[in-house]
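Okay, so here's the structure we're looking at.
Values below: every heavy atom of this structure, side chains too, minus hydrogens, waters and symmetry copies. The chains referred to below are lettered A, B, ... by the order of the sequence lines, with proteins before strands, and numbering in each begins at 1.
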Amino acid sequence: MSDTTFRKAICAALEEELERDERVLFFGEDVAAAGGVFAVTPGLYERFGPGRVFDTPISELALAGAAFGSAVVGKRPVFEVMFGDFLILAMDSLVNQAAKFWYISNEQAPVPLTVRCAVGAGGRFGAIHSQTPTPWLLGVPGIKIVAPSTPADAKGLLKSAIRDDNPVVVLEHKRLYSISGPEGDGTVPIGEANVVREGSDITIVAAMRGVHDALAAAETLAGDGIEAEVIDLRTLRPIDERTVLESVAKTNRVVMYDEGPELGGWARGLLGAVAERGLEDIDDSWVIASGELPIPYSPTLEDDFLPSAERLADEIRARVKAPARA
Amino acid sequence: MSDTTFRKAICAALEEELERDERVLFFGEDVAAAGGVFAVTPGLYERFGPGRVFDTPISELALAGAAFGSAVVGKRPVFEVMFGDFLILAMDSLVNQAAKFWYISNEQAPVPLTVRCAVGAGGRFGAIHSQTPTPWLLGVPGIKIVAPSTPADAKGLLKSAIRDDNPVVVLEHKRLYSISGPEGDGTVPIGEANVVREGSDITIVAAMRGVHDALAAAETLAGDGIEAEVIDLRTLRPIDERTVLESVAKTNRVVMYDEGPELGGWARGLLGAVAERGLEDIDDSWVIASGELPIPYSPTLEDDFLPSAERLADEIRARVKAPARA
Amino acid sequence: MSAVETATTVDAVAGDWQPTADELAGGLRTMLLLRRFEEEMQRLFLRGEIHGTVHLYIGQEAVSAGVCSALEAGDWVAATYRGHGAALAQGSDPEALAAELLGRRTGTCGGRAGSMNIVDLDHGLVGCFGIVGGSIAAATGAALGCRGGDRVAVAFFGDGATNQAYFHECLNFAKVLELPVLFVCENNLYGEFTPLAQSTAGADIAGRARVFDIPAARVDGNRWEVVAAAARAAVARMRAGEGPQFIEALTYRHLGHSKSDAGRYRPPEEVEAWLARDPIDQLRATLADDERADAIDAEVGGELTAAVERALAAPFPDPAVDRATEYAP
Amino acid sequence: MSAVETATTVDAVAGDWQPTADELAGGLRTMLLLRRFEEEMQRLFLRGEIHGTVHLYIGQEAVSAGVCSALEAGDWVAATYRGHGAALAQGSDPEALAAELLGRRTGTCGGRAGSMNIVDLDHGLVGCFGIVGGSIAAATGAALGCRGGDRVAVAFFGDGATNQAYFHECLNFAKVLELPVLFVCENNLYGEFTPLAQSTAGADIAGRARVFDIPAARVDGNRWEVVAAAARAAVARMRAGEGPQFIEALTYRHLGHSKSDAGRYRPPEEVEAWLARDPIDQLRATLADDERADAIDAEVGGELTAAVERALAAPFPDPAVDRATEYAP
Ligand SMILES: Cc1ncc(C[n+]2csc(CCOP(=O)(O)OP(=O)(O)O)c2C)c(N)n1
Ligand SMILES: Cc1ncc(C[n+]2csc(CCOP(=O)(O)OP(=O)(O)O)c2C)c(N)n1
Ligand SMILES: [Mg+2]
Ligand SMILES: [Mg+2]
């Protein structure tokens with residue numbers, strides 16, 4: 001398969017699933033006629049028409065509610081919330097309706113609903129257009145959260161999300177839309193992390209853009225004789241603890257690397273899971289995340305606020321060289 | 001000071017703060033003329049009048065927005081969201097407005113806003129009237145979350161919340177409203193955990209109703225010769241890691257006990273923090289939380305779903321008797 | 001103008017449906033089923049058999065009985081925490097419903113949901129929604145699922161819900177997409193303890209729909225045949241592709257908001273005036289066949305007593321056996 | 001009816017304010033300040049000096065310039081991500097504003113906020129809000145803070161925002177409490193790339209306020225003196241304790257929605273017709289004193305050039321020195 005971009009891979013996934021299953025709908029603000037503000041979905045409206053692909057009012061709560069209700073009666077809605085920051089307006093329907101329905105209905109019907117949103121900082125969009133909604137949704141049983149780092153995973157995970165019978169939130173990091181890579185040609189299973197680099201000295205766990213930082217740091221560290229194993233989580237709920245535990249059992253050191261915040265983010269909780277299930281394997285473990293602040297606008301502040309490949313490499317170098325725990 | 005109930009302690013805190021500072025406002029759905037659906041706030045409307053204490057439409061988002069705007073211009077609003085489950089409708093204003101203002105305004109003004117809500121399961125209220133909103137808010141920099149377990153803390157923390165210059169969410173566990181205890185006569189500092197029972201064999205960390213379970217389990221365990229130290233967190237954001245770390249340094253074992261869920265809750269994240277900062281002190285560590293499901297209605301299901309003092313005692317007994325890690 | 005006067009000076013109803021005696025009797029049967037069921041549930045609640053809280057529908061029966069009489073199999077209904085009426089009007093099994101409230105394994109949702117969150121897809125009930133306004137979204141979504149076919153969806157909700165985010169966003173959304181959804185506001189003049197006029201600016205609920213160009217009728221919600229006629233007209237327009245419709249049904253709950261509420265915030269004269277307009281009494285009067293009415297009442301009562309007995313005899317769910325999964329497979 | 005026709009067949013404005021020549025000149029000065037500032041920012045954006053995105057206000061100046069001319073010190077304004085106009089109309093320092101957009105330490109918010117999130121309390125700006133509809137809540141809250149005094153609050157927001165939860169809940173809330181808040185909808189006929197009629201059922205924005213019993217005027221938002229008169233009348237009613245007021249100001253953004261939008265979804269004739277109704281040209285015509293107008297323009301331009309130069313010379317914040325704290329002490 002030839003290379004494609006992250007945004008094109010997403011569009012291809014939507015196109016293929018709309019084609020494959022006529023129950024699939026796709027809607028959102030300016031996604032149809034205009035093709036999306038991040039230019040991710042051009043052509044779908046022209047191809048599938050307004051009955052399947054349509055623009056909506058600026059009403060995130062109604063979007064989520066309409067998706068929920070249509071899913072319960074048999075559609076497979078996919079809707080876009082332009083920036084992940086706005087997902088918070090839709091949360092009641094996601095959390096109190098979609099996530100609970102399967103269980104409280106006594107499994108009368110599933111809720112096959114997918115939300116896509118652009119997330120993440122580093123684009124100088126300021127505090128209200130740069131957040132990643134993971135912390136708000138991580139503690140919601142019934143929801144799945146996927147977080148791809150490559151075009152192939154973006155495509156494969158979105159396809160899996162659309163075919164999944166549960167509400168799935170698909171996080172698309174803004175600073176990945178333009179990256180290139182193989183397109184991939186199938187689904188990617190939800191809930192399975194990916195060891196993207198093998199190593200024996202430390203495990204770096206990351207997601208989305210963080211995976212690229214982790215790989216860059218691992219390259220640098222290799223020059224210093226430190227071999228880092230890099231795990232791309234790919235799904236944040238449910239979280240693939242097993243792959244992480246297996247890696248830590250081998251490397252005995254782990255750093256969770258996330259865009260942040262630390263308190264309430266996936267990174268600390270995953271470290272807690274490792275402490276619960278793999279305590280005897282850990283010689284050293286920590287979290288690198290952002291500061292506990294809203295995301296700043298000014299380039300100097302935002303760059304300092306976010307964790308970086310450099311900081312990751314530096315901290316690992318300092319700690320792995322230090323004497324290991326007795 | 002004489003004994004009072006949890007609900008009366010809350011009302012006393014509101015009354016004293018309304019009396020003390022005329023910038024304080026109190027509003028919510030049926031909190032004024034009717035005195036609140038949990039009968040927590042009778043008499044305040046009669047005493048302070050409709051300019052200070054008033055009923056509102058069923059519009060959680062507007063309530064939070066109105067609190068935010070009034071706080072920025074100098075009021076100290078307190079509003080009630082009847083059940084914590086409904087807070088999710090108000091989250092955009094809390095998260096994208098109130099929590100960010102102090103920082104992004106470059107500290108032009110604080111946002112002294114307080115939200116009170118009834119939380120927690122065990123009352124047979126079903127999946128949408130039993131949640132605790134902690135997971136949704138734990139990862140929001142700028143917000144404080146307090147979670148009292150006694151009448152004195154309920155009063156003292158609510159008074160601190162109202163005097164605090166930041167948005168504070170006050171969680172009131174439904175199954176604590178009727179408990180009795182000393183009233184207390186001052187504020188209780190936000191951000192400080194409380195060692196409510198000393199012990200040397202294991203640390204149990206809990207909050208709200210869980211503290212009562214932890215104390216009950218500790219009593220049982222004392223009969224078996226196991227001395228548990230019990231920490232009442234009292235504040236969930238910011239979280240008092242120091243008190244927990246000091247205790248674990250002494251006991252070398254820790255269990256985080258929470259109504260759940262596990263993934264995304266405070267318990268796992270706090271364990272992660274202990275693994276980061278106190279790894280060498282831990283011989284054993286785990287989390288007891290609820291199942292990863294919506295909260296069931298039927299008494300048999302709900303009782304099984306929630307963690308209990310018995311389960312806590314049983315697990316500790318089984319693990320502490322087991323040979324300690326080499 | 002008093003609340004009762006308001007309720008009786010409503011809009012003329014679009015639609016000229018004239019029910020037959022059998023249809024009237026059918027309506028009466030449904031309403032009696034709802035009434036007797038709720039009376040049983042109240043007793044069970046007071047006996048401590050039903051847990052948590054319960055919101056009774058007594059007094060409002062004409063609304064869901066009337067509206068659901070206009071629906072067909074395949075249509076969808078979304079209701080509120082005060083939803084037993086809508087469930088039964090849709091044909092949900094009273095025994096299973098009682099068992100659900102009792103927390104039993106044989107309940108509509110296996111005891112998992114409880115009174116406020118009932119779902120019964122087999123009877124077209126998308127769900128009862130504990131969040132005020134949530135039903136509006138669920139029905140809007142169900143209608144999105146029906147677009148292009150000839151099925152329709154109905155949302156029941158209260159007057160207080162018209163101040164919620166869901167109300168506004170979903171009405172606009174439904175009209176923009178011309179979805180076949182009927183919004184039915186059961187205006188019982190109070191949201192919990194707060195009178196309508198104190199929480200609802202303008203107090204013109206039907207007007208809030210009309211400003212979106214959604215046709216809206218304000219009707220006497222205590223007269224089954226009036227509600228049923230309005231619903232038939234609205235449903236016909238939806239099936240003809242005319243998009244969302246709105247009915248504001250003026251009615252009154254005879255009892256408090258929920259279990260613990262004695263309803264002291266309501267003037268006794270007001271309560272009395274509304275009790276005098278009991279929807280069941282009125283439909284009996286229209287039917288003008290006391291013998292038949294009494295027979296229906298006796299039959300419904302007998303069926304219910306038996307159903308409740310069976311529900312009470314059913315086992316509680318066994319958590320070791322109720323193998324719940326977080327996710328659908 | 002075309003959009004331009006719509007804009008010119010607006011309601012008669014309540015209030016008979018007749019501006020003096022000096023007042024007209026003052027309005028023109030403000031509008032020119034807004035226009036020239038935005039033109040500078042556009043240049044800086046294209047040069048890569050401003051980061052992220054930027055939403056320009058060019059074409060809509062009469063709205064905030066007109067409304068803010070009716071306010072006094074102590075009154076509050078909440079605006080949107082398209083908020084430079086409101087900030088400047090409130091007297092915010094153009095140099096600091098430019099520095100903020102440039103991400104400099106001397107910015108209105110020290111570079112922390114950026115274009116979409118400006119706050120300037122010293123000039124009565126509660127904030128610019130990046131969430132569509134957020135300004136409505138902030139102003140409603142500020143008005144709650146003003147209750148009982150004689151200060152008022154103003155919310156600016158777009159036509160698209162009238163489909164948001166905030167709009168509906170806050171208008172109702174404000175009317176129920178009779179808060180002194182003026183809701184100003186800048187109806188520029190599009191929300192991003194979507195025309196009003198495709199997203200806004202009924203397309204009657206002022207009607208959405210009237211159904212809450214909030215007095216609403218629909219005015220030509222491209223004529224400063226018309227907006228200013230409507231605002232004066234509304235503010236007077238609020239200061240007299242008459243509760244919330246609403247103005248729908250019909251206007252048009254000359255440029256795309258944000259940085260990357262070339263605005264191709266708008267018919268060229270429509271754009272042309274609106275360019276011909278440029279609010280600055282119109283106010284110049286009313287003032288009928290080209291010499292004075294030119295002098296103002298030159299003065300404003302000179303001031304701005306200097307301000308932007310100083311802003312460009314200012315340092316970026318130094319994260320080691322910008323000692324931010326999560327919480328206010
Ligand atoms: C979002 C939300 N806020 C508050 C509540 C608590 N509550 C339950 S019922 C109710 C009153 C609703 O009034 P109305 O819509 O008129 O319906 P009614 O109960 O009269 O049938 C309230 C405030 C809730 N369930 N959901
Ligand atoms: C809650 C939310 N949804 C979506 C967006 C993205 N967005 C930014 S501006 C805009 C259009 C707003 O249109 P309108 O209210 O008419 O204001 P205008 O931009 O025309 O001034 C949208 C959809 C947002 N910022 N917030
Ligand atoms: Mg009501
Ligand atoms: Mg617009």
Side-chain angles (χ1 to χ4, degrees), chain A residues 22-23 25 27 50-52 54-77 79 89-90 92-113 140-144 164-168 190-191 237-238, chain C residues 74 76 78 100 105 107-114 116-122 124-127 129-131 133-148 151 153 155 164-177 179 181 317 322 324-329:
Chain A
E22 64 176 23
R23 297 169 303 173
L25 305 175
F27 53 96
R52 307 276 311 281
F54 51 91
D55 289 318
T56 71
I58 310 172
S59 308
E60 283 78 8
L61 185 62
L63 260 66
F68 161 69
S70 68
V72 167
V73 305
K75 296 293 180 185
R76 306 189 76 85
F79 69 104
L89 286 157
D92 181 65
S93 180
L94 278 180
V95 172
N96 282 329
Q97 302 194 316
K100 303 211 178 353
F101 189 84
W102 166 250
Y103 176 77
I104 62 175
S105 75
N106 207 22
E107 306 174 12
Q108 290 178 45
V111 183
L113 160 173
V140 180
I143 293 235
K144 297 186 180 181
D164 196 288
D165 262 348
N166 298 279
V168 184
I190 295 178
R237 181 176 185 102
Chain C
W76 296 105
E100 184 64 31
R105 201 172 70 195
T108 321
C109 300
R112 292 180 181 180
M116 293 196 273
N117 308 309
I118 312 278
V119 177
D120 187 359
L121 294 182
D122 284 346
L125 184 69
V126 178
F129 292 88
I131 293 289
S135 58
I136 303 173
T140 300
L144 174 61
C146 296
R147 208 158 55 140
R151 301 273 59 91
Q164 261 289 344
Y166 275 120
F167 176 85
H168 179 78
E169 288 199 1
C170 291
L171 262 67
N172 183 65
F173 187 93
K175 184 61 188 173
V176 164
L177 291 167
L179 302 180
V181 51
D322 181 288
T325 55
E326 178 177 358
Y327 299 112

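The most heavy-atom pairs under 4.5 Å with chain C, out of A:I143, A:V111, A:L25, A:V72, come from A:I143. Residue with the most contacts toward chain C among A:P141, A:G51, A:P77: A:P141 (heavy-atom pairs, distance under 4.5 Å). Comparing A:R23, A:K144, A:K75 by how many heavy-atom pairs each has under 4.5 Å with chain C, the most go to A:K144. Interface summary for chain C: among A:S105, A:A109, A:P110, A:A67, the most heavy-atom pairs under 4.5 angstrom belong to A:S105. In terms of non-hydrogen atom pairs under 4.5 Å with chain C, the most contact-rich of A:D164, A:N166, A:I104 is A:N166.
C:D120 and A:Q108 get closest at one heavy-atom pair: CA-OE1, 3.4 Å. Residue C:I136 comes nearest to C:A155 through the heavy atom pair CA-CB, 3.9 Å, listed as atom of the first residue, atom of the second, then distance.
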Any chance you could lay out the side chain to side chain contact (heavy atoms under 4.5 Å, CB included) test for A:F54 and C:L144, step after step, and finish with the verdict? CA-CA 12 Å; A:F54 51 91; C:L144 174 61; 3.7 Å; yes
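If you take CD1 on C:I131 and OG on A:S93, they are separated by 10.5 Å, rounding to the nearest 0.5 Å.
Residue C:V126 touches chain A through both its backbone and its side chain, counting heavy-atom pairs closer than 4.5 Å. Looking at A:N96, the atoms closer than 4.5 Å to chain C (heavy atoms on both sides) all sit in the side chain, from C-beta outward. With a 4.5 angstrom heavy-atom cutoff, C:L177 touches chain A only via side-chain atoms. Residue A:K100 does not touch chain C at all, counting heavy-atom pairs closer than 4.5 Å. Using a 4.5 Å cut-off between heavy atoms, A:Y103 touches chain C through backbone and side chain atoms alike. Both the backbone and the side chain of A:R237 come within contact range of chain C, each with at least one heavy atom under 4.5 Å from a heavy atom of that chain. For a residue to count as touching a neighbouring chain, one of its non-hydrogen atoms must lie under 4.5 Å from one of that chain's; by this rule A:P50 touches chain C with the backbone only. For A:L89, no part sits under 4.5 Å from any heavy atom of chain C, backbone or side chain.
Although no hydrogens or angles enter the test, the distance criterion places a donor-acceptor pair under 3.5 Å between the side chain of C:E100 and the main chain of C:G111.
A cation-pi geometry, defined here as NZ or CZ lying under 6.0 Å from the six-membered ring centre and within 45° of its normal, does not hold between C:R147 and A:F27.
Using a 4.5 Å heavy-atom cutoff, the side chains of A:L94 and A:F68 are not in contact.
By the 4.0 Å N-to-carboxylate-O rule, A:D165 lies close enough to A:R76 to be salt-bridged with it.
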Sequence neighbours left out, cut at 3.5 Å: what donor-acceptor pairs do the side chains of residues 56-65 of chain A make with other protein atoms?
{"residue": "A:S59", "atom": "OG", "partner": "D:N163", "partner atom": "O", "Å": "2.7"}
{"residue": "A:E60", "atom": "OE1", "partner": "D:Q164", "partner atom": "NE2", "Å": "2.5"}

